[in-house]
*Asks:* 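First the structure, then my questions, so here it is.
Values below: all heavy atoms of this structure, side chains included; hydrogens, waters and symmetry mates excluded.
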Amino acid sequence: MDVVHVTRDFPPRINGGLSTAVGGLVRALADIGVAQRVVSFDAWRPRRRSPSIPAHGAPPRTDTAFGVAVLRVTGPAHLAPARAFCGRPDVIHVHDGMLDDFAAELSAPSVFSVHVAQAMMRRLRGGGEPTLSELAQAKAMGRASVVVLPSPGVRDALPTLAPGRPIVLPLGLHDHPDARAATETPRVAPVVLYAGRFADVKGTSDLIEIIEATWRRRPTARFVVAGGLVDNRKAERRWRRRFDDQLSAGARGATELVGWLSPEALSAALARTRVMVVPSRYETFGLSAAEAMLHGVPVVATDNPGTRAVLPPDAPPMGLAEIAEALATLLEDGALAAARGTAAARYARDHHLWPRHIAGYRAAYAQAAAAR
């Protein structure tokens with residue numbers, strides 16, 4: 001089986017959950033011997049008006065990740081070399097609808113993964129007409145031989161699906177020594193961590209209110225906000241100003257905005273965290289919550305399909321009104337937080353590691369290849 005992934009911002013370039021999800025999948029497939037190549041559209045997408053290099057620019061850069069060859073597309077001059085790089089694979093795995101036109105030119109059966117429920121994003125943002133991303137996603141689902149959904153709740157967010165039954169295949173985690181060590185590390189400081197993009201659909205405006213309300217209950221609390229908007233620094237600065245403007249002086253002094261963290265730095269931050277907060281209004285799969293659990297960190301999260309799919313039964317998602325009180329309780333009671341963290345780590349290792357899920361992806365590729 002020869003698989004080409006068509007994606008964006010592939011590790012070590014990380015720009016949100018899609019980068020982490022696809023990187024983890026490619027690594028897990030490499031671990032079981034699946035032959036792969038990756039075409040990663042970095043800082044440029046087809047249809048963008050201002051490519052980063054002109055049509056006659058320098059050749060694309062190639063590197064390797066997890067032993068897999070990666071070609072980096074950053075402008076239109078790279079499209080022809082990218083087609084040659086892909087060759088004639090058995091299956092194309094498309095991870096972004098805006099890249100499906102490129103994948104369609106390769107004349108191979110496609111698997112399409114829904115990493116972002118575009119129709120739901122538009123509705124949550126109060127949009128009217130479907131966005132270009134939403135239209136491209138619908139087109140990609142209609143063309144695909146197999147559509148992969150990361151959690152059962154995603155079905156409810158998609159107005160139409162490709163012919164045939166979509167396959168629900170969860171994402172996974174890779175266990176590692178730092179995560180295992182973190183489960184044994186006492187969390188002395190009352191630290192709350194958020195990790196993710198800044199956006200209303202990620203609950204960033206709600207996060208500001210949660211920080212204020214939690215700090216008022218527990219003034220000794222400290223808040224670490226990791227993330228931002230790598231591809232939109234202007235919008236990120238606006239969000240940072242909102243933290244400054246809307247938090248009281250006390251809560252602002254207790255809050256540190258640390259920007260995007262590398263996987264190693266995030267793992268180190270989780271080892272110092274007593275509780276993770278996930279205020280998202282919608283997630284397709286709660287990968288950051290699952291990673292926190294792997295490190296022995298209990299998660300307090302809003303009710304949405306992605307977090308519902310990863311949390312253990314004794315840690316149900318909550319409404320916004322309950323979150324500050326739940327955080328304050330875990331910050332006050334270190335023993336309770338440690339017990340819940342230990343249970344969360346056990347649950348993550350029992351349910352969310354890649355070896356439990358990766359065979360389903362190989363089966364999806366075989367199903368798609370049979371449709372050739």
*Asks:* What salt bridge (charged side-chain N to carboxylate O under 4.0 Å, His left out) pairs are there with at least one residue in residues 237-249, not counting sequence neighbours?
*Replies:*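 Checked against salt bridge (charged side-chain N to carboxylate O under 4.0 Å, His left out) - neighbours excluded - the pairs reaching residues 237-249 are E236-R240.
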*Asks:* Taking D350 first and then R356, would you say they form a salt bridge - that is, a charged N and a carboxylate O separated by under 4.0 Å?
*Replies:*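 Between R356 and D350 there is no salt bridge, as every charged N stays at least 4.0 Å from the carboxylate O atoms.
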*Asks:* With side chains defined as the heavy atoms from C-beta onward, is the minimum distance between H174 and W354 less than 4.5 Å?
*Replies:*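 H174 reaches W354 side chain to side chain.
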*Asks:* When clusters are formed by joining ILVMFWY residues with side-chain heavy atoms under 4.5 Å apart, either directly or through shared neighbours, do L353 and L169 land in the same one?
*Replies:*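 Yes.
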*Asks:* Strictly below 4.0 Å, N to O, side chains only: are D63 and R61 in salt-bridge contact?
*Replies:*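 Result for this pair is yes, salt bridge flagged.
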*Asks:* Would a 4.5 Å heavy-atom cut-off, applied to side chains only, mark D178 and E264 as touching?
*Replies:*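 In short, these two side chains do not touch, never coming nearer than 4.5 Å.
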*Asks:* For a side chain to side chain donor-acceptor pair (under 3.5 Å) check, start with the C-alpha distance between T74 and D42, then their side-chain angles and the critical distance, and finish with the verdict.
*Replies:* CA-CA 5 Å; T74 58; D42 293 354; over 6 Å; no
*Asks:* Would E291 and S288 count as having a side-chain donor-acceptor pair, cut-off 3.5 Å?
*Replies:*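 S288 and E291 do not have a side-chain donor-acceptor pair below 3.5 Å.
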*Asks:* I'd like to know whether the aromatic ring centres of H295 and H176 sit less than 6.0 Å apart in this structure.
*Replies:*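 Ring centroids of H295 and H176 are less than 6.0 Å from each other.
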*Asks:* Just by modelled atom types, is the L71 backbone N or O under 3.5 Å from a matching donor or acceptor in the H78 side chain?
*Replies:*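 Side chain of H78 to backbone of L71, a donor-acceptor pair under 3.5 Å: no, none is there.
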*Asks:* Using side-chain heavy atoms (C-beta onward) and a distance below 4.5 Å, is Y361 in contact with V148?
*Replies:*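 A side-chain contact exists here, since the closest heavy-atom pair is under 4.5 Å.
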*Asks:* Side-chain contact test, heavy atoms from C-beta onward, threshold under 4.5 Å: evaluate it for V114 versus M141 and give yes or no.
*Replies:*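 In short, these two side chains touch, coming nearer than 4.5 Å.
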*Asks:* Any side-chain to backbone donor/acceptor pair from T185 onto A181? Under 3.5 Å, distance only.
*Replies:*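 Checking the backbone N and O of A181 against the side chain of T185, a donor-acceptor pair under 3.5 Å is found.
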*Asks:* Taking it one step at a time, do D206 and R281 satisfy side-chain contact (heavy atoms from CB on, under 4.5 Å)?
*Replies:* CA-CA 9 Å; D206 300 321; R281 298 177 185 180; 3.0 Å; yes
*Asks:* Yes or no on side-chain contact (heavy atoms from CB on, under 4.5 Å) for L331 and V191, after CA distance, side-chain angles and deciding distance?
*Replies:* CA-CA 7 Å; L331 292 171; V191 176; over 6 Å; no
*Asks:* Closer than 3.5 angstrom, by distance alone: can the side chain of S280 be matched with the main-chain N or O of E283 as a donor-acceptor pair?
*Replies:*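 Looks like no, no N/O pair under 3.5 Å.
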*Asks:* Looking only at atom types and distance, does a side-chain atom of S40 sit under 3.5 Å from a main-chain N or O of R72, one as donor and one as acceptor?
*Replies:*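 No, because the side chain of S40 does not come within donor-acceptor range (under 3.5 Å) of the backbone of R72.
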*Asks:* Please tell me if the side chains of I211 and R252 come closer than 4.5 Å, counting only heavy atoms from C-beta onward.
*Replies:*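 No, their side chains stay 4.5 Å or more apart.
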*Asks:* Strictly below 4.0 Å, N to O, side chains only: are D101 and K139 in salt-bridge contact?
*Replies:*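 Yes, charged N to carboxylate O under 4.0 Å.
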*Asks:* Whether the side chain of N232 engages the backbone of A235 through a donor-acceptor N/O pair (distance < 3.5 Å, no angle test) should be reported.
*Replies:*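 Confirmed, N232 side chain pairs with A235 backbone.
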*Asks:* Can you tell me if T342 uses its side chain to pair, donor with acceptor, with the backbone of A338 under 3.5 Å?
*Replies:*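 Pair found, side chain donor or acceptor close to backbone of A338.
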*Asks:* Taking the six-membered ring for Trp, are F102 and F41 ring centroids under 6.0 Å apart?
*Replies:*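 When the ring centroids of F102 and F41 are compared, they turn out to be within the sub-6.0 Å range.
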*Asks:* Would a hydrophobic clustering, with Ile, Leu, Val, Met, Phe, Trp and Tyr connected at side-chain separations under 4.5 Å, put V22 with V230?
*Replies:*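 Cluster IDs for V22 and V230 differ.
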*Asks:* State, with a plain yes or no, whether a side-chain heavy atom of R37 is found less than 4.5 Å away from one of V3.
*Replies:*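 The answer is no, as the side chains (C-beta and beyond) never meet within the 4.5 Å cut-off.
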*Asks:* Walk me through whether V225 and E256 qualify under side-chain contact (heavy atoms from CB on, under 4.5 Å).
*Replies:* CA-CA 6 Å; V225 178; E256 184 179 10; over 6 Å; no
*Asks:* Less than 4.5 Å apart, any side-chain heavy atom of I210 and any of L327?
*Replies:*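 Heavy-atom side-chain distance check passes, below 4.5 Å.
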*Asks:* Is a side-chain N or O of T64 found less than 3.5 angstrom from the main chain of G67, in a donor-acceptor match?
*Replies:*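 It does not hold such a pair.
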*Asks:* Would you check if L193 and V277 make a side-chain contact, meaning some heavy-atom pair closer than 4.5 Å?
*Replies:*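 Heavy-atom side-chain distance check fails, nothing below 4.5 Å.
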*Asks:* Starting from L29, can I reach V111 by hopping between I/L/V/M/F/W/Y residues whose side chains sit under 4.5 Å apart?
*Replies:*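 As far as the 4.5 Å side-chain criterion goes, L29 and V111 are connected within one cluster.
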*Asks:* Would you find a donor on one side and an acceptor on the other, under 3.5 Å apart, between the side chain of T255 and the backbone of F223?
*Replies:*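 No; zero donor-acceptor contacts below 3.5 Å.
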*Asks:* Check this for me: does any side-chain nitrogen of one of R218 and E332 sit under 4.0 Å from a carboxylate oxygen of the other?
*Replies:*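 Answer for the salt bridge query: yes.
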*Asks:* For residues F112 and H93, establish whether the separation of their ring centroids is below 6.0 Å.
*Replies:*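 No, the ring of F112 stays outside the 6.0 Å limit from the ring of H93, centre to centre.
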*Asks:* In plain terms, say whether E129 and R122 are close enough for a salt bridge, that is, a side-chain N and a carboxylate O under 4.0 Å apart.
*Replies:*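 Looking at E129 and R122, the cut-off is not met.
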*Asks:* Using a 3.5 Å distance criterion without hydrogens, assess whether the side chain of H95 forms a donor-acceptor pair with backbone atoms of A21.
*Replies:*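 No, because the side chain of H95 does not come within donor-acceptor range (under 3.5 Å) of the backbone of A21.
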*Asks:* Quick one: side chain to side chain donor-acceptor pair (under 3.5 Å) partners of R349, sequence neighbours excluded?
*Replies:*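 Only D175 meet the side chain to side chain donor-acceptor pair (under 3.5 Å) criterion with R349.
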*Asks:* Between E212 and S248 (side chain of the first, backbone of the second, donor and acceptor by atom type, cut-off under 3.5 Å), is there such a pair?
*Replies:*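 A pair under 3.5 Å: yes.
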